[in-house]
Amino acid sequence: MSCDFGILSINKRLTNEEASDIYGALCEGDVSGVIPNAAIDAFYKELTAKHPEIDDVPEEEIDDTDLCPWSIAFDRSPGHLIISCVWPKSDYVYELVADLARKHELALFSPQAEIIVYPDGSEGSGNKPWWKFWK
């Protein structure tokens, strides 16, 4: 089981539902909802300097989740980064990517919680109560 996070370069504030739609589109290869931003590369370089991508880890160290907490290779474009970590490292990775997103002024989307968090710490609007699963 893995825990996923989306790092997004966007040009306007989104509701949580809009962010979820963009994340879903990104998972399908549609990058039209994000904008190219050098901050994505800077975020990526800083993140992988601390924890290399799974494909860059020697085979004998692949199970060392302190070195590489990733469960699969990243999905990346000039406007986004989607990362998946092993579940036991999810809290650590969330704090790490949230700090880096804030530093690089990028939005962080958690598909598990369906919440987008902006660099100022505010969240998107529009979440329905957990018990209200209909529209």
Side-chain angles (χ1 to χ4, degrees):
M1 183 175 210
S2 67
C3 183
D4 305 331
F5 300 101
I7 311 305
L8 311 175
S9 172
I10 49 178
N11 59 4
K12 66 176 185 168
R13 291 185 68 85
L14 305 171
T15 65
N16 292 321
E17 186 174 340
E18 290 169 329
S20 184
D21 290 345
I22 288 174
Y23 181 84
L26 289 168
C27 290
E28 297 295 321
D30 177 1
V31 297
S32 64
V34 294
I35 56 172
N37 186 337
I40 293 290
D41 282 338
F43 178 102
Y44 174 82
K45 287 176 184 171
E46 192 167 347
L47 182 64
T48 56
K50 187 168 185 76
H51 298 291
E53 277 211 66
I54 196 165
D55 292 342
D56 297 330
V57 175
E59 188 66 33
E60 63 273 7
E61 295 181 86
I62 203 73
D63 292 328
D64 181 355
T65 58
D66 290 330
L67 171 65
C68 178
W70 319 124
S71 55
I72 60 172
F74 299 166
D75 182 68
R76 180 178 165 207
S77 80
H80 87 284
L81 185 64
I82 295 176
I83 60 173
S84 298
C85 70
V86 295
W87 195 258
K89 291 292 187 174
S90 60
D91 289 339
Y92 165 76
V93 169
Y94 177 81
E95 293 300 322
L96 175 63
V97 297
D99 288 345
L100 288 175
R102 206 169 16 260
K103 176 181 178 181
H104 294 283
E105 298 184 359
L106 296 164
L108 168 62
F109 180 70
S110 171
Q112 290 80 210
E114 296 184 348
I115 293 174
I116 189 167
V117 180
Y118 294 96
D120 66 3
S122 65
E123 297 178 356
S125 61
N127 269 7
K128 296 181 282 189
W130 66 268
W131 50 268
K132 197 171 194 175
F133 51 86
W134 62 91
K135 288 195 173 204

Check: [X] side chain, [Y] main-chain N or O, donor-acceptor pair, under 3.5 Å:
{"X": "T15", "Y": "E18", "answer": "yes"}
{"X": "S90", "Y": "W87", "answer": "yes"}
{"X": "W70", "Y": "P52", "answer": "yes"}
{"X": "N37", "Y": "I40", "answer": "no"}
{"X": "S9", "Y": "I35", "answer": "yes"}
{"X": "N16", "Y": "G124", "answer": "yes"}
{"X": "Y118", "Y": "L14", "answer": "yes"}

[X] versus [Y]: any side-chain heavy-atom pair under 4.5 Å?
{"X": "H51", "Y": "P69", "result": "yes"}
{"X": "D30", "Y": "L26", "result": "no"}
{"X": "L96", "Y": "K50", "result": "yes"}

Which heavy atom of I10 sits nearest a heavy atom of G33, and at what distance? CG2-O, 3.8 Å
Minimum heavy-atom separation for I54 and A73, please, with both atom names. CG2-N, 3.5 Å
Using ring centroids (six-membered ring only for Trp), state whether F5 and F109 fall under 6.0 Å. no
Examine F43 together with H80 and report whether their ring centres are nearer than 6.0 Å. no
Counting neighbours of CD on E60 that are heavy atoms of other residues, nucleotides or ligands and sit closer than 6.0 Å, is the number greater than 12? yes
Salt bridge (charged side-chain N to carboxylate O under 4.0 Å, His left out) partners of residues 84-111, not counting sequence neighbours, each pair once: E46-K103, D66-K89, D99-R102
Checking side chain to side chain contact (heavy atoms under 4.5 Å, CB included) for the pair C27/I82: CA distance, chi angles, key distance, verdict? CA-CA 8 Å; C27 290; I82 295 176; 4.0 Å; yes
Same apolar cluster: [X] and [Y], side chain cutoff 4.5 Å:
{"X": "Y94", "Y": "L81", "value": "yes"}
{"X": "V93", "Y": "F74", "value": "yes"}
{"X": "L106", "Y": "I115", "value": "yes"}
{"X": "V57", "Y": "I72", "value": "no"}

Given Q112 and C3, is the side chain to side chain contact (heavy atoms under 4.5 Å, CB included) satisfied, shown in steps? CA-CA 7 Å; Q112 290 80 210; C3 183; 3.5 Å; yes
Roughly how far, to the nearest 0.5 Å, is the [atom2] atom of [Y] from the [atom1] atom of [X]?
{"X": "C85", "Y": "D4", "atom1": "SG", "atom2": "CG", "answer": "8.0 Å"}
{"X": "I83", "Y": "I7", "atom1": "CD1", "atom2": "CD1", "answer": "5.5 Å"}
{"X": "C68", "Y": "D63", "atom1": "SG", "atom2": "CG", "answer": "10.0 Å"}
{"X": "L108", "Y": "L8", "atom1": "CG", "atom2": "CG", "answer": "8.0 Å"}

State, without any angle test, whether R13 and S125 hold a side-chain donor-acceptor pair at a distance under 3.5 Å. no
Walk me through whether V34 and S77 qualify under side chain to side chain contact (heavy atoms under 4.5 Å, CB included). CA-CA 9 Å; V34 294; S77 80; 4.3 Å; yes
Identify, with sequence neighbours excluded, every residue that meets side chain to side chain donor-acceptor pair (under 3.5 Å) alongside Y44. E53
